[in-house]
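Beneath this line is the structure, given in structure tokens, with notes to follow.
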Protein chains: 2
Amino acid sequence: MPKVETFNRNTVLQKATEVFHKKGYNGTSMQDLVDATDLNRSSIYNSFGSKLNMFLEVLSHYQSIYGNNFSQKLAQSYNATEAIEAIFDLYIHEIINDNDRKGCLVINCKSEMTNQEPLIKSFMEKNQDRMIAMLEDIVTKGQMEKIFNQNQAASQYALYLFSSIQGLRMTGILNKNENDLRNLTRTVLKVLY
Amino acid sequence: MPKVETFNRNTVLQKATEVFHKKGYNGTSMQDLVDATDLNRSSIYNSFGSKLNMFLEVLSHYQSIYGNNFSQKLAQSYNATEAIEAIFDLYIHEIINDNDRKGCLVINCKSEMTNQEPLIKSFMEKNQDRMIAMLEDIVTKGQMEKIFNQNQAASQYALYLFSSIQGLRMTGILNKNENDLRNLTRTVLKVLY
DNA sequence: TTATTTTTGAAACGATCATTTCATTTATAA
DNA sequence: TTATAAATGAAATGATCGTTTCAAAAATAA
């Protein structure tokens, strides 16, 4: 019966992600999205409902890609040290490859919209919970393996690492010196040992 | 000859700061600024030139207030430990009092505009240099006083602290638990000793 | 082929965007 | 008081905002 959706939803989301990432939510116009996605204005509204709704899908899409990268790296690591280093390594690469200094889409959105859009706020809360749970998992394993010390509860170290990642990502917007970033990471992780 | 500027420029900047802080640069309209400052549209353009120009003045204003707070705290501290703790303490209070989760005006702006506005980018570079210089100063003193270790150069520790502050400020948008934040700060500073 | 359902294109919606214009008001210096 | 120059108010600028509308095109199932 129906004419089926012709465009590839992931491709469209990828294009939309690039625009939102570059210009931010408020800096992106619907015309920008029409131009970037090669979709008709009506098709966007048919498929995504509104600009905010499309952005929320973009966020989830971006998050799931990140999540997959994490899972892949974590699966490859033999112990907690490798795991945590793999994660920071991933961010350092992200920073160095971010030539136009866009920063992190999620962090940018957190600072732009958390206090304005309830749906964004709850996305950020879930994101934070998820990140901290993952980090706490790694720390707990490291502590059980006696690789990490027990000076702090795993949950506290997880919050510390979560905070450090956000700091690293913000710092990396202007400082892309790999030595600096690796040194910074070493300093952050030192407290665990 | 001339009629002199009647409004108080600092008061106007303060009002404008509140709006930009709450809504971000792209989220703030000239109408918002007219409403908030009780200034006429023409007067704003006469006195500030453009929205971007007014925002740049707002940033400087905000920065100078912060700078004064820093100087005051630093003058009151007897050694490097007290100095660095005073700074983190200042941010923790800032976070806890930020009831509507606006975050830090400068950090928000860094993530929103660094890749879009050259004038903002250079402001952020200067801001980073200034912050790191201040932190390096404290670390150097702490190292000379043998309070801090010498495992890393003062400049590297300064970058680490700068990064940690940004992380703390971003984390504080959603997590306002004072125990968590103090614990986080302790963990950050532990590496110095 | 035909009926059905969705996508598409183009135009239009009213609202709002940052900025400009200009005549009027206001306050100063002479 | 009078000449001068800036501040002010109100309206208008053209562009762009997010969103809606609707007839035409397209693709499927029968």
Side-chain angles (χ1 to χ4, degrees), chain A residues 1-59 105 108-109 112-113 116-120 123, chain B residues 1-59 105 108-109 112-113 116-120 123:
Chain A
M1 302 166 332
K3 177 181 175 188
V4 99
E5 205 175 71
T6 60
F7 60 84
N8 181 309
R9 200 173 179 88
N10 275 345
T11 307
V12 166
L13 279 175
Q14 184 52 42
K15 294 285 189 185
T17 301
E18 287 168 23
V19 185
F20 279 125
H21 197 167
K22 181 177 173 191
K23 302 192 161 196
Y25 180 76
N26 285 310
T28 299
S29 71
M30 193 50 72
Q31 189 58 48
D32 290 333
L33 295 168
V34 168
D35 294 344
T37 60
D38 275 327
L39 239 59
N40 189 273
R41 207 175 299 272
S42 318
S43 305
I44 294 183
Y45 278 94
N46 266 333
S47 305
F48 298 96
S50 69
K51 183 187 170 190
L52 180 60
N53 223 278
M54 184 177 210
F55 184 63
L56 287 165
E57 277 206 40
V58 157
L59 275 182
L105 176 67
N108 293 352
C109 170
E112 184 182 9
M113 304 179 74
Q116 300 276 60
E117 285 290 344
L119 289 173
I120 296 289
F123 175 93
Chain B
M1 301 149 354
K3 177 182 175 188
V4 99
E5 204 176 72
T6 59
F7 59 84
N8 181 309
R9 199 174 181 88
N10 275 345
T11 308
V12 167
L13 279 175
Q14 185 52 42
K15 293 284 189 186
T17 301
E18 286 167 24
V19 186
F20 279 126
H21 198 168
K22 181 177 173 191
K23 301 192 162 196
Y25 180 77
N26 285 311
T28 298
S29 70
M30 193 51 71
Q31 188 58 50
D32 290 332
L33 294 168
V34 168
D35 294 343
T37 61
D38 275 327
L39 238 60
N40 189 273
R41 208 176 299 274
S42 319
S43 304
I44 294 183
Y45 278 94
N46 266 334
S47 305
F48 298 96
S50 69
K51 183 186 170 190
L52 180 60
N53 224 278
M54 185 178 208
F55 184 63
L56 286 164
E57 277 205 41
V58 157
L59 276 182
L105 176 67
N108 293 353
C109 170
E112 184 182 10
M113 304 179 75
Q116 300 276 61
E117 285 290 345
L119 289 174
I120 295 291
F123 175 94

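Quick note on labels: first sequence line is chain A, next is B, and so on, each numbered from 1.
Taking the six-membered ring where the residue is Trp, B:Tyr25 and B:Phe55 present tilted rings, their angle falling between 30° and 60°.
Here D:dT20 presents its P atom at 14 Å from NZ of A:Lys51, a figure rounded to the nearest Å. Put simply, CG on B:Asn46 is 16 Å from P on C:dA23, counting in whole angstrom units. Atom pair B:Gln31:CD and D:dA11:C1' shows a separation of 13 Å (rounding to whole Å applied). Distance B:Met30 CE to D:dT16 P: 17 Å, rounded to the nearest Å. Taking atom CG on B:Leu52 and atom C1' on C:dC17, their separation rounds to 15 Å, with Å as the unit. Atom-to-atom, CZ of A:Phe48 to P of C:dT7 comes out at 11 Å; the value is rounded to the nearest Å. Straight-line distance from the CG atom of A:Asn8 to the P atom of C:dT7: 15 Å, rounded to whole Å.
The CD atom of B:Glu112 sits 10.0 Å away from atom CG of B:Leu105, with the distance rounded to the nearest 0.5 Å. From B:Cys109, atom SG reaches atom NE2 of B:His21 across 11.0 Å, with rounding to the nearest 0.5 Å.
For B:Lys15 (side chain) and B:Asp38 (main-chain N/O), no donor-acceptor pair under 3.5 Å exists by modelled atom type.
Within a heavy-atom distance below 4.0 Å of DNA chain C, the residues of residues 34-45 of chain B found are B:Arg41, B:Ser42, B:Tyr45.
A donor atom on one side chain and an acceptor atom on the other are not found under 3.5 Å apart for B:Ser43 and B:Asn46.
In plain terms, the two heavy atoms of A:Val34 and A:Leu39 that are nearest each other are CG1-O, 3.5 Å.
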